[in-house]
Amino acid sequence: MKEFLKSLSYGVRENQVSNEFKQILRELLASNVLKEYKNKYYLNNGYVFGELDISSKGTGFLSAYDESFAKDLLIENKHLKGANYKDIVVAKLLPLKKKRPSAKVILVLKKANETSIVVTKKYGEAVLGLNVKTGLSTALKASQKSLKALPLGSVLKIENTNNEILEVLGHIDDESVDEKISLALFNKNSEFDETCIEEALANGDCVDASMYPERVDLRHLSFCTIDPIHAKDFDDAIYYDEKKRELYVAIADVSEYVFAYCATDKEARHRGFSIYFPHISIPMLPRPLSENICSLKPNLDRLTYCFKITFNQNNEICKEELFEAIINSKRRFHYDEVDELLEKKSNLGELSWIYKLFNLTQILRKARLKNAFEFKTEELRMFLDENLSLKSTFYEKDTPSHGLIEDCMLLANKAAAKMLGEVGIFRNHAPADDKKITKLLEELSMLGIDVKYKNNLSELIRDVQALADELDIRAEVDKLIIKAQKKACYASENGGHFGLGFDKYTHFTSPIRRYSDLILHRLLKAKQRGDLKLYEYLLLNIQNTCENLSLLEREADRVAYDFMDRKFARWAKRNVGKVFNAFISENDTLSIAKLDDEIKGAEIILEHNKNNLLQKVRIQIIEADIIFAKIFGRVVEEL
């Protein structure tokens, strides 16, 4: 949508407009936002497209897609025309009366959400809904008598157009409501409709190999899967033939079960990604697919789309083959098991190839990191008790087993990217811009990491990491470096992957939990079969699909983070007044400390903070807001 709207500034022919945007084009013409000139449509002067933000006072701020607007445009509440937070709108510029340029909304082109989540609160004698996302109070389409019959603090899902109550989700004091709030805030659904379930169940729960005579039968090979301990959806299995120096990366063949534009596919496209909470997953595909027939469970025949990657004596790739196969995984490992095996070198019998493969991936990783970066990332893990209250947290660090699997998946993803043409679905990562790098260096200099600017960004980052290692703050500094870089995204044209040091990269290895990979499988199969008509059909509106997937990816992350923030806020409410160890994690527009005590990772908004970034401190929790999932505190001691 954003790219289409931006293109109207330069002129667009009607035959260049996809079906998805033709209705919007007609609405813009009817509102005199566009003009037609020489068979092209142009944006009229005085109009601007953008995304809306709304303050707690109800004032709108439009982030314009036109980069000539350095500041957000002010939109007074009376000029919002029913537009809500994150809606994409077209606005008309108003005569400049104040120092800040202002505008009024003409049309809402795309609603960010059809619904909102509110918590009932009493204001005087009236019961209103407090919007969980914006903080605005809303008069609900219901009688005061019926609203007062609900206990104050009821969590409601309302329709944005007229504020009608659609569903009572629960009560804000009930821990089980957090999952519902986090999902509903981003318009996510934990359930699948009946048609999707029926389609999934129609595939049965076992594979009859005799029905697939054209597939390469690899069931005699000792494949295994390596995943987190609680995983149920096994996307990938690996096997290494040490004599022939052949690595097999077998990926669940979801495209064999989920056809383009069927009900399940439409739902998967809408979801984009699986969402993982500490206690449960919200899968992209119905569980009969994601956790059964598609999942590469041990000792069961399963359909896969498989890469066979052959290495020469110098550990260089000399051949890459892609084919449809049947495998039977011999064992399901979790990461901790493999780490222990790699340390103790236990006898694994037919699976002893893991040791040789680990040695190979170590060599490959060393060669790869000459042109790429290794970030010491730590993923926060949260454990809940039987009442869904926060029990404990810890940071999961990358271990040898993680590296083993990661390097195998990178090889398959890179091989898949080579097989794509000029247009497809790529995973691009652009280098950081100079402004962000300059700001990063300023922040790092306060930490004693004084590095001179270099035009070669790769060398500059390595210099920073070397000094961070000396100061034993590598993990924290790596997070700052990642934050300064642009986010990786999906695109229909290749732009390379800066972080990995790859000229061409895509996502192939997780079709159970990422829709991008499912699209890629279909494209590669159509190409291998020489079905040009299907290939072109699958590429229709591919750029818009890529943009949407990038948005859905960020949303899936935000849902998971929002849920964790809610659990942290409830924990903090029980610990108001207590003092904990933390460090300053942000010191920009807001000053934020991150807990680093028995409970780790909770973000505390600080008042009147003058401490430097990464400064270790003791903070006292002074307030916790469960509705908005925020914690407030103050520094009581520097460490």
Side-chain angles (χ1 to χ4, degrees), residues 1-10 12 14 16-34 41-44 47-54 60-67 69 72-73 75 77 79-93 103-117 131 133-134 136 157-164 166 183-189 266-273 487 489-492 515 540-559:
M1 164 92 61
K2 183 177 180 179
E3 292 305 313
F4 163 66
L5 295 176
K6 287 176 74 172
S7 68
L8 290 169
S9 298
Y10 311 107
V12 175
E14 188 168 6
Q16 294 175 315
V17 180
S18 67
N19 292 331
E20 183 183 359
F21 299 130
K22 282 183 178 175
Q23 180 57 36
I24 289 175
L25 188 72
R26 285 190 282 270
E27 289 177 14
L28 293 172
L29 283 167
S31 302
N32 296 316
V33 175
L34 300 182
Y41 296 104
Y42 294 88
L43 181 66
N44 274 319
Y47 292 92
V48 61
F49 300 114
E51 187 177 284
L52 192 65
D53 192 6
I54 297 179
F61 296 92
L62 186 69
S63 175
Y65 291 158
D66 185 339
E67 292 168 3
F69 290 93
D72 291 349
L73 296 167
I75 301 181
N77 186 273
H79 290 145
L80 285 172
K81 204 174 179 179
N84 286 295
Y85 176 72
K86 289 291 182 184
D87 286 353
I88 296 173
V89 303
V90 57
K92 186 176 183 179
L93 297 172
K104 66 176 182 179
V105 174
I106 301 299
L107 283 172
V108 177
L109 303 177
K110 184 181 179 183
K111 280 193 167 293
N113 291 292
E114 299 294 331
T115 60
S116 291
I117 306 303
N131 191 302
K133 189 174 280 188
T134 66
L136 300 175
K157 185 177 184 179
I158 64 170
E159 205 274 327
N160 279 343
T161 305
N162 58 14
N163 296 336
E164 182 179 353
L166 300 175
L183 289 169
L185 277 175
F186 297 94
N187 198 29
K188 305 299 180 187
N189 188 10
K266 288 177 183 175
E267 182 64 23
R269 179 186 285 264
H270 174 72
R271 295 181 181 223
F273 298 83
K487 291 185 181 296
C489 63
Y490 294 102
S492 60
Y515 191 73
L540 288 174
N541 299 324
I542 190 65
Q543 179 55 29
N544 293 326
T545 299
C546 290
E547 288 175 18
N548 193 47
L549 283 173
S550 295
L551 289 172
L552 288 172
E553 179 182 30
R554 290 194 285 274
E555 277 188 359
D557 288 340
R558 287 167 69 191
V559 171

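Residues: numbered from 1 along the sequence shown. Being a predicted model, the structure only gives us computed values, none of them experimental.
- Between the side chain of Lys81 and the main chain of Ile106, a donor-acceptor pair closer than 3.5 Å is present.
- Nearest heavy atom pair, residue Glu555 against residue Phe186, reads OE1-O, 4.0 Å.
- By the salt bridge (charged side-chain N to carboxylate O under 4.0 Å, His left out) test, Glu547 is found to be paired with no residue, residues two or more places apart in sequence or in another chain being considered.
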Q: I would like to know whether Glu67 and Lys6 meet salt bridge (charged side-chain N to carboxylate O under 4.0 Å, His left out); could you show each step before the answer?
A: CA-CA 10 Å; Glu67 292 168 3; Lys6 287 176 74 172; 3.7 Å; yes
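- With sequence neighbours left out, the ring pair (Phe, Tyr, Trp, His ring centres under 6.0 Å) criterion links Phe21 to Phe4.
- No side-chain heavy atom of Leu25 sits under 4.5 Å from any side-chain heavy atom of Val12.
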**Q.** Residue pair Leu34, Leu43: steps toward the side chain to side chain contact (heavy atoms under 4.5 Å, CB included) verdict
**A.** CA-CA 5 Å; Leu34 300 182; Leu43 181 66; 4.2 Å; yes
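- In this structure, CG in Asn548 is found 9.5 Å from NE2 in His270, a value given to the nearest 0.5 Å.
- Around atom NZ of Lys188, more than 12 heavy atoms belonging to other residues, nucleotides or ligands sit under 6.0 Å away.
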Q. Going through the checks in order, is the side chain to side chain contact (heavy atoms under 4.5 Å, CB included) test met by Leu93 and Tyr47?
A. CA-CA 6 Å; Leu93 297 172; Tyr47 292 92; over 6 Å; no
Q: Could you walk me through whether Met1 and Ile24 pass side chain to side chain contact (heavy atoms under 4.5 Å, CB included), step by step?
A: CA-CA 10 Å; Met1 164 92 61; Ile24 289 175; 3.4 Å; yes
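- Here the closest non-hydrogen pair linking Ser492 and Ile542 is CB-CG2, 3.6 Å.
- Here the side chains of Phe49 and Leu109 are in contact, with some heavy-atom distance below 4.5 Å.
- In this structure, CG on Asn160 lies 7.5 Å from CG on Asp87, to the nearest 0.5 angstrom.
- Residues satisfying the ring pair (Phe, Tyr, Trp, His ring centres under 6.0 Å) test with Tyr41, not counting sequence neighbours, are none.
- When atom types are taken as modelled, the side chain of Arg271 and the backbone of Lys266 share no donor-acceptor pair closer than 3.5 angstrom.
- In terms of heavy-atom proximity, Ser9 sits nearest to Tyr42 at O-CD2, 4.4 Å.
- What you find for Ser63 and Asp72 is that their closest heavy atoms are CA-OD1, 3.6 Å.
- For Tyr85 against Asp53, the heavy-atom pair with the smallest separation is CE1-OD1, 3.0 Å.
- Checked for salt-bridge contact, Arg26 and Glu14 miss the test: no charged N lies under 4.0 Å from a carboxylate O.
- Without hydrogens or angle criteria, Ser31 side chain to Val33 main chain gives no donor-acceptor distance under 3.5 Å.
- For the pair Leu185/Val559, no side-chain contact is recorded, criterion being any heavy-atom separation below 4.5 Å from C-beta on.
- Looking at Leu107 and Val89, their side chains never come closer than 4.5 Å, going by heavy atoms from C-beta outward.
- Contact check for Ile75 versus Leu52: side-chain heavy atoms found under the 4.5 Å cut-off.
- The structure places NZ of Lys157 at 9.5 Å from CG of Asn113, a figure rounded to the nearest 0.5 Å.
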Q) Could you go step by step and tell me if Asn131 and Ile158 meet the side chain to side chain contact (heavy atoms under 4.5 Å, CB included) rule? A) CA-CA 10 Å; Asn131 191 302; Ile158 64 170; 5.8 Å; no
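- Proximity of Leu80 to Lys104: side-chain heavy atoms (C-beta onward) are nowhere separated by under 4.5 Å.
- We find the NZ-CZ distance between Lys487 and Arg554 to be 7.0 Å, quoted to the nearest 0.5 Å.
- Residues Lys86 and Glu51 meet the side-chain proximity criterion, which asks for heavy atoms closer than 4.5 Å.
- In this structure, Asn544 and Glu3 have side chains that are not in contact, with every pair of non-hydrogen atoms separated by 4.5 Å or more.
- The two residues Ser550 and Tyr490 make their nearest non-hydrogen contact at OG-N, 2.9 Å.
- Note that CG of Asp66 is 12.0 Å distant from CG of Leu5, once rounded to the nearest 0.5 Å.
- Atom CG of Leu551 sits about 9.5 Å away from atom CZ of Arg558, to the nearest 0.5 Å.
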